[in-house]
Number of protein chains: 2
Amino acid sequence: MKQSDKYAEILKKGDLRATKQRYAILEVLDCNGAPVSAEDLYIQLKRKGIPISLSTVYRILDAFQEKGIVVRSNFPDVSKAVYELFCEEHHHHLLCVDCRRVFPVEGCPLEDYERLIEERLNFTVKGHNLEVYGHCKDCKKKT
Amino acid sequence: MKQSDKYAEILKKGDLRATKQRYAILEVLDCNGAPVSAEDLYIQLKRKGIPISLSTVYRILDAFQEKGIVVRSNFPDVSKAVYELFCEEHHHHLLCVDCRRVFPVEGCPLEDYERLIEERLNFTVKGHNLEVYGHCKDCKKKT
DNA sequence: TTCTTAATGAGAATGATTCGCATTTGCATT
DNA sequence: AATGCAAATGCGAATCATTCTCATTAAGAA
Ligand SMILES: [Mn+2]
Ligand SMILES: [Mn+2]
Ligand SMILES: [Zn+2]
Ligand SMILES: [Zn+2]
């Protein structure tokens, strides 16, 4: 199966028309391991020669989020939201406060915690946001 | 010791001049158990007859955050930042996506996780952001 | 190919936060 | 208590991310 078929399927499943812009965004997100801001995405698309406007980038990302195709997050002290393809393996991110790079960490430490909250506080948990920040391996060296 | 002495001490420790506006903000934050937005704070201050401008509210909160007097957080799908007094007992929050209320939960489930990250990934953890969202007790009933 | 409607582009509008600058005020020092 | 000066404030303008409006284009069903 070609990559483009994969994207077509994602769009069909989301009831979204297959446009050049949507393909291109899926492709860029697919290649970027780490989350990207709407503007970075826009710049990368322009660089690839894709005709698109920034408002369309935002609209597409919104639609994708609605359909669960992408996940939006906000890192502390970063003003723009960032987006990444939804990934079956729920995971989290480390943010290096020096170089601002984002590192994925597989797994999630919150299963027991959420169960506890449901039982003790009678609160139905629908999800969570977790980001860890600090100094990455490389930036530690440089000091 | 009077409350106002407590605030004076906080400001002195932070090398910040004692102004009416700063006292008033400390007082409002102290009374509000849950985190508040800059604008809510501004409204509450006006209601109390404190002369202050919104930009001053932002400036004071920034200064307080700088000094570790307050903690700023951003909840998912809430456009404004919220602030609360720093609290020795590190804790987290539950956000009800129906009524938008915020509930504190004592304790933190991330100690082991952070240790693991430091060991396995050679990343120095400085902190984390964690918010859990879902449906609160009251909103569950209403359905 | 035609028709309907969703999607796009361009720019204006919005909303939260920050900035610039003139004025005021806390506070250290006479 | 009066003085001087840096820090803090008020007000409006500026900025930045994001959303909205509306005229135009293009999927894709028929
Ligand atoms: Mn990731
Ligand atoms: Mn709290
Ligand atoms: Zn780094
Ligand atoms: Zn609720």
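First the proteins, then the strands, lettered A, B, ... as listed; each starts at 1. This one's a predicted model, so the numbers in the text were calculated from it and none came from an experiment.
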Note to self: Side chains of Pro109(A) and Leu116(B), heavy atoms from C-beta outward: is any pair under 4.5 Å?
What the structure shows: no
Notebook entry, point to check: Are Leu16(A) and Ile10(A) close enough that some pair of their side-chain heavy atoms sits under 4.5 Å apart?
Noted result: no
Next item on the list: On DNA chain D, reading 5' to 3', which nucleotide is the first and which the last to sit with an atom under 4.0 Å from a heavy atom of chain B, could you check?
Entry: dA6(D) to dG12(D)
Notebook entry, point to check: Val82(B) or Arg17(A): which one's nearest nucleotide on DNA chain C is closer to the 5' end?
Noted result: Arg17(A)
Notebook entry, point to check: Considering the options Glu111(A), Glu106(A), His128(A), which one meets the side-chain hydrogen bond (donor to acceptor under 3.5 Å, both in side chains) requirement together with His90(A)?
Noted result: His128(A)
Item checked: Passing candidate, side-chain hydrogen bond (donor to acceptor under 3.5 Å, both in side chains) with Glu27(B), options Lys6(B), Gln44(B), Lys48(B) -> Lys48(B)
Note to self: If you assign Leu16(B) and Ala81(A) each to the DNA chain D nucleotide with the nearest heavy atom, which residue ends up on the more 5' nucleotide?
What the structure shows: Leu16(B)
Notebook entry, point to check: Hey, what do you get for CD1 (Ile52(B)) to CG (Leu41(B)), rounding to the nearest 0.5 Å?
Noted result: 7.5 Å
Note to self: Check Asp40(A) with Lys80(A), please: is the shortest side-chain N to carboxylate O separation under 4.0 Å?
What the structure shows: no
Note to self: Below 4.0 Å from chain B heavy atoms, what is the first contacting nucleotide of DNA chain C and what is the last?
What the structure shows: dA16(C) to dC27(C)
Item checked: Any residue of residues 18-36 of chain A with a heavy atom less than 4.0 Å from an atom of DNA chain D -> Ala18(A)
Check: Is a salt bridge present between Arg59(A) and Asp62(A), judged by a nitrogen-to-oxygen distance below 4.0 Å?
Finding: no
Check: Roughly how far, to the nearest 0.5 Å, is the OH atom of Tyr23(B) from the CD1 atom of Ile50(B)?
Finding: 12.5 Å
Check: Do Asp77(B) and Tyr133(B) have side-chain atoms, one donor and one acceptor, less than 3.5 Å apart?
Finding: no
Next item on the list: Identify whether Leu54(A) and Val82(A) are in the same connected component of the hydrophobic contact network (ILVMFWY, side-chain heavy atoms under 4.5 Å).
Entry: no
